[in-house]
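Notes to accompany the following structure.
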Amino acid sequence: DQQVKQNSPSLSVQEGRISILNCDYTNSMFDYFLWYKKYPAEGPTFLISISSIKDKNEDGRFTVFLNKSAKHLSLHIVPSQPGDSAVYFCAASSSYKYIFGTGTRLKVLA
Amino acid sequence: GAVVSQHPSWVICKSGTSVKIECRSLDFQATTMFWYRQFPKQSLMLMATSNEGSKATYEQGVEKDKFLINHASLTLSTLTVTSAHPEDSSFYICSATLDRPGTEAFFGQGTRLTVV
């Protein structure tokens, strides 16, 4: 049973445009959500997070939106840059346990 | 951010042997560490939660006798893959948190295990 899902395995975006990565979850007990970026053969690096009491958090080019009623969160990257090309994982947490989504491979085209 | 170091970064072993992977929190204490496994082109699968001073909590479907976890101190957790087989070949990643709600998990660099 996949508690955290990323339904788009891949996404291609032109440089300078907006990248929108989506994530859905099923467990209403999750209270903290995160986005990680991962390159092959490396551990994930933290990008941005949001608490369940908020609906938006912004950090530079990255903004995370949370829709609790829909159990949906999204990551917006604007403007997208070629260096953003990587696999992005969303994660949901409760009681310090982190459950990851299946990942979306983002490719930013120059 | 906090640093988590994982060692070794890659290892090749023969079938039937055991391999130990270390995960250290370098600049903070971590009561809880997590072990993940990633198959090619797939998500990070949580294997177990490592608790300092007590037994690890394994996720459903993960063999506890196969994947031995020891969290002997607040800065070190180890994962031992026992009697390794080629199907155990994978990328193993550990993470640790600051033991405060609403904080991110910090990940090690990962260990590529190849069993031949």
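By convention in this document, chain letters (A, B, ...) are assigned in the order of the sequence lines, proteins followed by strands, and residues within each chain are numbered from 1.
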*Could you tell me which non-hydrogen atom of A:Tyr98 sits nearest to which non-hydrogen atom of B:Tyr36, and how far apart they are?*
O-OH, 2.8 Å
*Contact class of B:Leu46 relative to chain A, heavy atoms under 4.5 angstrom*: side chain
_Is B:Gln60 in contact with chain A via its backbone, its side chain, both, or neither, using a 4.5 Å heavy-atom distance?_
neither
*Give the minimum heavy-atom separation between B:Ile93 and A:Glu42, together with the two atoms involved.*
CD1-O, 4.4 Å
_Taking B:Phe34 as the starting point, is it possible to reach B:Ile21 by hopping between hydrophobic residues whose side chains are less than 4.5 Å apart?_
no
*Is the number of heavy atoms from other residues, nucleotides or ligands under 6.0 Å of A:His72 NE2 greater than 12?*
yes
*Answer yes if A:Leu75 and A:Tyr25 sit in the same cluster of Ile, Leu, Val, Met, Phe, Trp and Tyr residues linked by side chain heavy atoms under 4.5 Å apart, and no otherwise.*
yes
*Enter the distance from B:Ser95:OG to A:Phe100:CZ here, rounded to the nearest 0.5 Å.*
6.5 Å
*asked:* Can you tell me if B:Lys66 has over 12 outside heavy atoms packed within less than 6.0 Å of its NZ?
replied: yes
*Indicate yes or no: at least one non-hydrogen side-chain atom of B:Gln38 is less than 4.5 angstrom from one of A:Val87.*
no
*Would you find a donor on one side and an acceptor on the other, under 3.5 Å apart, between the side chain of A:Tyr36 and the backbone of B:Ala105?*
yes
*Out of curiosity, B:Phe106 CZ to A:Thr45 OG1, how far, rounded to the nearest 0.5 Å?*
11.5 Å
